[in-house]
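This report refers to the structure that appears directly beneath it.
Naming: A, B, ... by sequence-line order, numbering from 1 per chain.
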Amino acid sequence: MSLSFDFVQPQPEAAADRVTLFADVILPLPLPRLYTYRVPFELNDQVVVGGRVIVQFGAKKTLSCIVAAVHETPPTLYQAKYILEFIDDAPVVTQPQLKLFRWMADYYLCTLGEVINAALPSALKLSSESRVQLHPAFEPDNHPYPLGDQEQKVVDALSTGEEGKSMTFTEVGELLGIASFHKYIKSLMQKDVVFLFEHLKDKFAPKVVKKVRLAHHYVSEAAIEQLFGQLASRAKQLDVVMRYLQRVPVYQSEHANHRGMDKAALTSAPHLSPSAVNTLIKNGILEQFDQIVSRFPLDEDDAQANMHFTLSDTQVEARDAVMREFQTKDIVLLHGVTGAGKTEIYIDLIKQALDGGGQVLYLLPEIALTAQIVTRLMRVFGSRLGVYHSKFSDNERVEVWNGVLSGRFQVVVGVRSAVFLPFDNLALTIVDEEHESSYKQYDPAPRYNAREVALMMAHFQGSKTLLGSATPAVETYYQARAGRYGLVSLTKRFGEAGLPEIVLVDTRKSREQKTMLNHFTPELMAEMESKLAQQEQVILFQNRRGYAPFINCLDCGWIPKCTNCAVSLSYHKQAHELRCHYCGHHDRMPAQCPACGSRNVKTVGFGTEKIEDDLKVMLPQANVQRMDLDTTRAKNSYQQIISDFEQQKTNVLVGTQMVTKGLDFANVSLVGIINADSIIHYPDFRAHERAFQMFVQVSGRAGRKGKKGKVIIQTGDPEQVIFDKVIRNDYLEFYEYEITQRREHGYPPFMRIIRLTVKHVDVTVGERAARLLTQELVDRLGREAVLGPEAPYIFRIRNFYLQEITIKLSREHTVLKAAKADLMAALDVIRDQKEFKQVRLAADVDPM
DNA sequence: AGCACGCCGACT
DNA sequence: GTCGGCGTGCTC
């Protein structure tokens, strides 16, 4: 701003106050910096921080990106290109979000572009390759909104050719012959004429329900009167019409008739004839139409009926304690045993937060976000509830995103990535099962933990956060003990169900005595038989999928290995394949040893598939179902397995971790952990914690609603200290033991860990890069802060050789910040060496 | 992440 | 002689 003097008259033609604006944008690419584009002067008033703009990036790419800042400082080193177009007139990313994204990039050592990439549903990230397609529900001659000329051109182009034809943005631009065509696409989207998708594979497959309504010329009392006369001799048809009028208040509002009712409710109702319904449709009395429905249908009547439920005394007490803690603390840990009824407490707190006018985010791990819980929440919160699930299509995610922006959804229940939703007025954040490792994203950066991100987001927005778990993460409990988090314990199980009896069975002894029946001890076998005889159900937990972790030729010792990874191939019997669990590589199962031709090839070890297989032979009367990654890959198979078990169509459920989470089955009286040792003896400082959590969680599946359950843990080493704590379900004792270990060995929560992985196709280059990086780190951070480099147990994945360096840092903020700067500098040293140009470096902050 | 520019092998 | 391999460097 320059000084101005009174006597200097403004020159009218010079437009002295003409400001040139520049926008710093976040490109959805892993680039370290923001890029500055120039705002076309006539569009100055359209720039919104948090809105999307279209820019040309590089020679031929056009991209949408997020405006992070607007200013008047022209770049000095280059000529800024112009922004091509503005997509939004209001932010799609809110201010608190931008702040959060910056924090994430900083904390997790990644770029803002990577954060944006993980955060935005891909339909919000437009590029010249984005595609449009006519909406399946669009009817050209029965469309409520008029279309402009340009819009009509697009619709015409999309309707000629085969069904479901799509065009890229580039093609739309060519068709219209103008550069600024996005506004037409946007308008067409708002009118539900077209929808967007990014790749050919994510085409929209909406769920359509057939509905019927009364033809519009019957919607008046007189007309209906006349209709009754007309149908007087056709009793079946009359019944249908009567039922329709009963269910749909046609007289009260024409709108109600327009919405109609489910056809299935008429055709499948008792005493009503489906053919009568069809005759009515044929005669033009009823009309049939399709409606696209959400995955979680809400029955309005249900919503009213279930609004109110009462908390038990224990629950009221716990809720009040949480609220008391919230008066002085922003974060509260609700430590409640499985089955203590935490969900009801959450619902109660959500209601209060909503009454106060704030938004609520309720995070759940993926396996716990079931239709059961969603329907339950739907009943209470109805259309104010948004659901964000990873199995949803991109269009559905955008709908939730926009719903949060517009205020339509005040509560969102969702998985890890729901922390990215554009809240601006969060009052309450709930992270249920906060210890769950699935909150942590591993592979593409940002390698974030949604629990930590949620805490930071809540902090930025002044929201309270409730962390819930039966087996809190050691780090979390430590914070609560230290008084930084409030702590509320809920120890009584709901409905008086006692804790299950937990029994250890020594597999080593059984093996010596040769009493093992395949992988079952006689004790587990006998108990299963007895429970099944009493018509009760059994869950078996085996933390390894497939049939066997490897196969072995008994004559020459040949073991098939993955060609891309340093692992043996697992045998999958059903698929008759050898598979790599790390890269997806698979071969046909050979009929004989390819090395020596012997047919003496045996499977070694066992996974869920073998357990299932053995049981089918050993317990022929039982119905055995397996639930693991392999059997739940298809869209609804998880739900199918659960409901079959719920309805007791299956008696034994064998599965991996999937069976440990949040499933409430009233009739399960026995849980078996087939091999506890593989879980405990894992080369990682969190092995005991994970084992404790797993055992307690899976034990929680046994015995509910008054029945006392039994848990049998098979182990070759029953003396392990951890079992003692599991048996007595003594979290506190486990915690005390574990925290001492952590303090002694300098692990979290006392130190912060950053794991660097160096990857290269050539072992020696990778090793050299890792050694140099270690040296650079030692020079900057000191010898004691750096461990490694070391090849991990699985030292090659997807043809990349791995080296790991572990950095241990003090948790002090200033130290951490300086250390990260040092770390980045050390990484740059590697990147600058020609020899290491092909080295891939990944930083994982707080690895799990 | 793309994509263009650029320098060395098997083909018309 | 050219077409094309993918190494590396840049994108406001």
(message) Ignoring hydrogens and geometry beyond distance, is a side-chain donor-acceptor pair present between Tyr108(A) and Asp846(A) at under 3.5 Å?
(response) no

(request) Round to the nearest Å and state the distance from Gln56(A) atom CD to dC10(C) atom C1'. (result) 14 Å

(request) Would you kindly give the CG-to-C1' distance between Asp832(A) and dT8(C), to the nearest whole Å? (result) 13 Å

(message) Can a donor-acceptor pair be found, under 3.5 Å and without considering hydrogens, that links the side chain of Arg579(A) to the backbone of Leu569(A)?
(response) no

(request) Indicate yes or no: does Glu151(A) engage Lys191(A) in a salt bridge with an N to O separation below 4.0 Å. (result) yes

(request) Extract, from 5' to 3' on DNA chain B, the first and final nucleotides lying under 4.0 angstrom from some heavy atom of chain A. (result) dA1(B) to dA4(B)

(request) Starting from P on dC12(C), measure out to NE2 on His71(A) and report it in whole angstrom. (result) 15 Å

(request) Would you confirm whether Gln46(A), through its side chain, and Leu43(A), through its main-chain N or O, come within 3.5 Å as a donor-acceptor pair? (result) no

(message) I need the NZ-P distance between Lys81(A) and dT11(C), as an integer number of Å.
(response) 9 Å

(message) Would you say Glu72(A) and Thr20(A) are linked by a side-chain donor-acceptor pair, where the criterion is simply a distance under 3.5 Å?
(response) no

(request) Measure the distance from OH on Tyr82(A) to C1' on dT11(C) and round it to the nearest whole Å. (result) 20 Å

(message) Near DNA chain B, counting only heavy atoms under 4.0 Å, which residues of residues 22-40 of chain A show up?
(response) Pro30(A), Leu31(A)

(request) Could you state the atom-to-atom distance from OH of Tyr78(A) to P of dG9(C) in whole Å? (result) 21 Å

(request) Return the value, rounded to whole Å, for the distance between atom CD of Gln79(A) and atom P of dT11(C). (result) 14 Å

(message) Checking His586(A) against Glu577(A): is there a side-chain donor and acceptor pair closer than 3.5 Å?
(response) yes

(request) May I ask you to evaluate whether Gln838(A) reaches the phosphate of dC6(C), defined as a side-chain N or O under 4.0 Å from OP1 or OP2? (result) no

(request) Taking the six-membered ring of Tyr35(A) (Phe, Tyr or Trp), confirm whether the NZ or CZ of Arg33(A) is under 6.0 Å from its centre and within 45° of its axis. (result) yes

(request) Taking atom NZ of Lys837(A) as the centre, report whether more than 12 heavy atoms of other residues, nucleotides or ligands fall under 6.0 Å from it. (result) yes

(message) Between the side chains of Arg831(A) and Asp828(A), is the shortest nitrogen-to-carboxylate-oxygen separation below 4.0 Å, so that they form an ion pair?
(response) yes

(message) Please determine whether a side-chain nitrogen or oxygen atom of Lys837(A) lies at a distance below 4.0 Å from atom OP1 or OP2 of dT8(C).
(response) no

